[in-house]
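Only this structure's heavy atoms are used, side chains among them; waters, hydrogens and symmetry mates stay out. Chain letters run A, B, ... following the sequence lines, proteins first and then strands; every chain starts at 1.
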Amino acid sequence: MLALSFIRDHPELVREGARRKGETAPVDQILALDAERRRLVGEEERLRSEQRARSAEIGRSARAGAAPPPAVTAELTTLRGRVGELESRRQAADQELDRLLLEVPNVPHPSVPDGVGDADNAVVRRGGVPRAFDFPPRTHYDLGEALGIFDFERAVKIAGSRFALLRGAGARLERALAAFMLDVATRRHGYVEVSPPYIVHRACMVGTANLPKFEADAFHVAEGDRFLIPTAEVPVTNLYRDEILDGDALPIRHVAWTPCWRSEAGAPGLDTRGYIRLHQFSKVELVAFTRPEASLDQLERLVEDAEAVLQALGLAYRVRLMCAGDMGFAQWKKYDLDVWAPGLGRFLEVSSCSCFGDFQARRANIRFRPAPGERPQFLHTLNGSALALPRTLDAVLETYQAADGSIAVPEVLRAYLHGEDRIA
RNA sequence: GGGGAGGUGGCUGAGUGGCCGAAAGCGCCCGCCUGCUAAGCGGGUGACGGGUUUCAAGCUCGUCCGAGGGUUCGAAUCCCUCCCUUCCCGCCA
């Protein structure tokens, strides 16, 4: 969320930021409620101060052996009632203010271009060269079903639509991809691997801003009011919730390979064919915690770290800077990485790398102490996929297919497959 | 699942109704001392919010001792509910 003081001091920036994202922010309501709250706080505290002082007076005379005069205690009882009444009004205002603050979207960074949708996103660079085929390339689902490495029908029998099942070499290939991605992140780029819980408290979902606005996108576990994670971003960002970290410890960079669950409530009819958009998929996720002044540089680095995987796999891709209108609620600045899928003949989004500024840190209360003795302040959070497994697998299948429908295993994955170099 | 113990500041930990935002120690900061480092000596050091202030500092008021409620003129302290940690027993991959 944004700081109340920021909204108070720059209401126009907040309105403008929301407008650029195509959203609305209840700025006027917040300002009015804030004024009301401060009035109540002042009055409450004045009475409370009086109450404390006079009670202390009784305490002092009690130590001297005097009984409290009934008239005074009666008066203080009345005072307690008035304080209580003001307190509950103030609490109601606090609660409503918190609720409204959670609904204010992050303001896009000035370097984020204007725009309303996909067409306005700017391609900042391309990597790799799309492979030239001397035969019509097939889709991953055609290839995969023929090879017996996808079993969509049985997955639907087990769990319903938008679930998939990998078999044999398909399951092994995905595991090899994940292991390779984890090694790139940990050994080459220095991320610390974590294996977090896949079910989290509501507070974690609020911390990363998946709630309260987007509850319909999540799978809710009734037991204990918890949620299946939609991305490792949620448990990993919340690792340091309610903590004050040592400034010397920053940046902290983690990587996690986890399953992700999404209801895909807003996408009926989209990508229903193939191994593209599922209720459950796995993803290798990078998460970083930085000092405020370092976060935008860290974002560039995060993107490069994700690109490194695509480069090593020999896949063609592009990097796009998302326009304001295509950004999420919580993001300050965001890049997408899209891999070229020659069978489908289109790009597939395999990574989304975002910097949140202190938006998540404020919600999750993650702070750091810049130097010993200094006041704690909110740090900046970032995350990005490196990469989503299903679509990366799709791109590998489609890119490395042979005319006979077999798949060449990319060089870098062979060590993870005990030398297997072809899926046939 | 059954029974016991416990949750206090960055950390350890004292505190059973007012003199407690909280002893002591550690850590950290400033100064002194020392050829440097360490040791030693002295002082300081929680978070959040309101007011004051051009900003900051400062001053001032309030809240916070796991969370929420209650009793009381007054609660870290007494009562209730919940959450969590830990130990023993049971069950279990």
Next on the checklist: Pick the closest RNA chain B nucleotide for A:Thr73 and for A:Glu57 by heavy atoms, then say which residue is nearer the 5' end.
Outcome noted: A:Glu57

Checklist entry - What is the base-pairing partner of B:rC48, counting Watson-Crick and G-U wobble geometry with both distances under 3.5 Å? => result B:rG62

Checklist entry - So what does A:Arg362 hit on the nucleic acid, given a heavy-atom distance under 4.0 Å: a base, only sugar-phosphate, or nothing? => result nothing

Checklist entry - Quick one: what's the B/S/- string for nucleotides 53-72 of chain B, heavy-atom cutoff under 4.0 Å, read 5' to 3'? => result --------BSS--------B

Checklist entry - So what's B:rA56 paired with, Watson-Crick or G-U wobble, going by both distances under 3.5 Å? => result none

Checklist entry - Taking only residues two or more places apart in sequence, or in another chain, which ones meet A:Arg172 in a side chain to side chain donor-acceptor pair (under 3.5 Å)? => result A:Glu420

Next on the checklist: Distance check, P atoms only: B:rC29 and B:rU37, in whole angstrom units.
Outcome noted: 14 Å

Checklist entry - Should B:rU85 form a Watson-Crick or G-U wobble pair with both distances under 3.5 Å, which nucleotide is its partner? => result B:rA5

Checklist entry - Could you state the CD1-P distance from A:Ile58 to B:rG74, rounded to the nearest angstrom? => result 8 Å

Next on the checklist: Once ring pair (Phe, Tyr, Trp, His ring centres under 6.0 Å) is applied, do any residues pair with A:Tyr275, and if so which ones, sequence neighbours excluded?
Outcome noted: A:Phe150

Item to check | Test: A:Arg38 and A:Asp34 ion pair at under 4.0 Å | outcome: yes

Would you give me the side-chain donor-acceptor pairs under 3.5 Å for residues 64-76 of chain A, sequence neighbours excluded?
residue	atom	partner	partner atom	Å
A:Thr73	OG1	A:Pro70	O	2.9
A:Glu75	OE2	A:Arg54	NH1	2.9
A:Glu75	OE2	A:Arg54	NH2	3.3

Checklist entry - Who are the side chain to side chain donor-acceptor pair (under 3.5 Å) partners of A:Glu45, not counting sequence neighbours? => result none

Next on the checklist: How many whole angstroms separate atom CZ of A:Arg90 from atom P of B:rC48?
Outcome noted: 17 Å

Next on the checklist: Ring-plane angle category for A:His279 and A:Phe219, please: parallel below 30°, perpendicular beyond 60°, tilted otherwise.
Outcome noted: perpendicular

Next on the checklist: Taking B:rA47 as the reference, what is the distance to B:rG66 when you measure between their C1' atoms (whole Å, please)?
Outcome noted: 16 Å

Item to check | Separation between the P atoms of B:rC41 and B:rA24, rounded to whole Å | outcome: 16 Å

Checklist entry - Does B:rC11 have a Watson-Crick or wobble partner in any strand here, with both distances under 3.5 angstrom, and which is it? => result B:rG25

Item to check | Test ring pair (Phe, Tyr, Trp, His ring centres under 6.0 Å) applied to A:Phe214 - qualifying residues, sequence neighbours left out | outcome: A:Phe329

Next on the checklist: Work out how far the P atom of B:rC78 is from that of B:rG44, and round it to whole angstrom.
Outcome noted: 32 Å

Next on the checklist: Could you tell me how far apart A:Leu4 (CG) and B:rC48 (P) are, to the nearest whole angstrom?
Outcome noted: 15 Å

Item to check | Rounded distance in Å between the C1' positions of B:rG25 and B:rU8 | outcome: 15 Å

Checklist outcome for this item: Re B:rG74: Watson-Crick or G-U wobble partner, both distances kept under 3.5 Å, found to be none

Checklist entry - Separation of A:Leu101 atom CG from B:rC48 atom P, in whole Å? => result 17 Å

Checklist entry - Can you check whether A:Arg367 has a side-chain N or O nearer than 4.0 Å to OP1 or OP2 of B:rC48? => result yes

Next on the checklist: From CG of A:Asp98 over to P of B:rG49, roughly how many Å is that when rounded to an integer?
Outcome noted: 12 Å

Checklist entry - Rounding to the closest angstrom, what is the interatomic distance between B:rG2 and B:rG9 at atom P? => result 30 Å

Item to check | N/O (side chain, A:Arg369) to phosphate O (OP1/OP2, B:rC29) under 4.0 Å | outcome: no

Next on the checklist: Holding to side chain to side chain donor-acceptor pair (under 3.5 Å), I want the full list of residues that pass it with A:Arg367, two or more places apart in sequence or in another chain.
Outcome noted: A:Asn365

Checklist entry - When the P atoms of B:rA23 and B:rU45 are considered, how many whole Å apart are they? => result 11 Å

Checklist entry - Does A:Arg46 have any salt bridge (Lys or Arg N to Asp or Glu O under 4.0 Å) partners at least two apart in sequence or in another chain, and if so, which? => result none

Checklist entry - With sequence neighbours left out, what residues match A:His109 under ring pair (Phe, Tyr, Trp, His ring centres under 6.0 Å)? => result A:Trp332

Item to check | Distance, rounded to the nearest Å, where A:Asp242 contributes CG and B:rG10 contributes P | outcome: 12 Å

Checklist entry - Does a side-chain N-to-carboxylate-O contact under 4.0 Å join A:Asp394 and A:Arg391? => result no

Checklist entry - Can you name the residues that form a side chain to side chain donor-acceptor pair (under 3.5 Å) with A:Gln280, not counting sequence neighbours? => result A:Trp261

Under 3.5 Å, which N/O atoms of the protein pair with N/O atoms of nucleotides 78-86 of chain B?
none

Checklist entry - What is the distance, rounded to the nearest whole Å, between atom CG of A:Leu245 and atom C1' of B:rC11? => result 15 Å

Checklist entry - Between A:Gln51 and B:rG74, is there a side-chain N or O to OP1/OP2 distance below 4.0 Å? => result yes

Checklist outcome for this item: A:Ile244 atom CD1 is separated from B:rG9 atom C1', nearest whole Å, by 10 Å

Checklist entry - Can you say whether the rings of A:His189 and A:Tyr191 are parallel (under 30°), tilted (30 to 60°) or perpendicular (over 60°)? => result perpendicular

Item to check | Pair partner, B:rG31 [Watson-Crick or wobble, under 3.5 Å] | outcome: B:rC41

Item to check | C1'-based separation of B:rC83 from B:rC26 [nearest Å] | outcome: 30 Å

Checklist entry - Any Lys/Arg nitrogen of A:Glu36 or A:Arg39 sitting under 4.0 Å from an Asp/Glu carboxylate oxygen of the other? => result yes

Next on the checklist: Tell me which residues in residues 30-41 of chain A lie within less than 4.0 Å of RNA chain B, going by non-hydrogen atoms.
Outcome noted: A:Arg37, A:Arg38, A:Val41

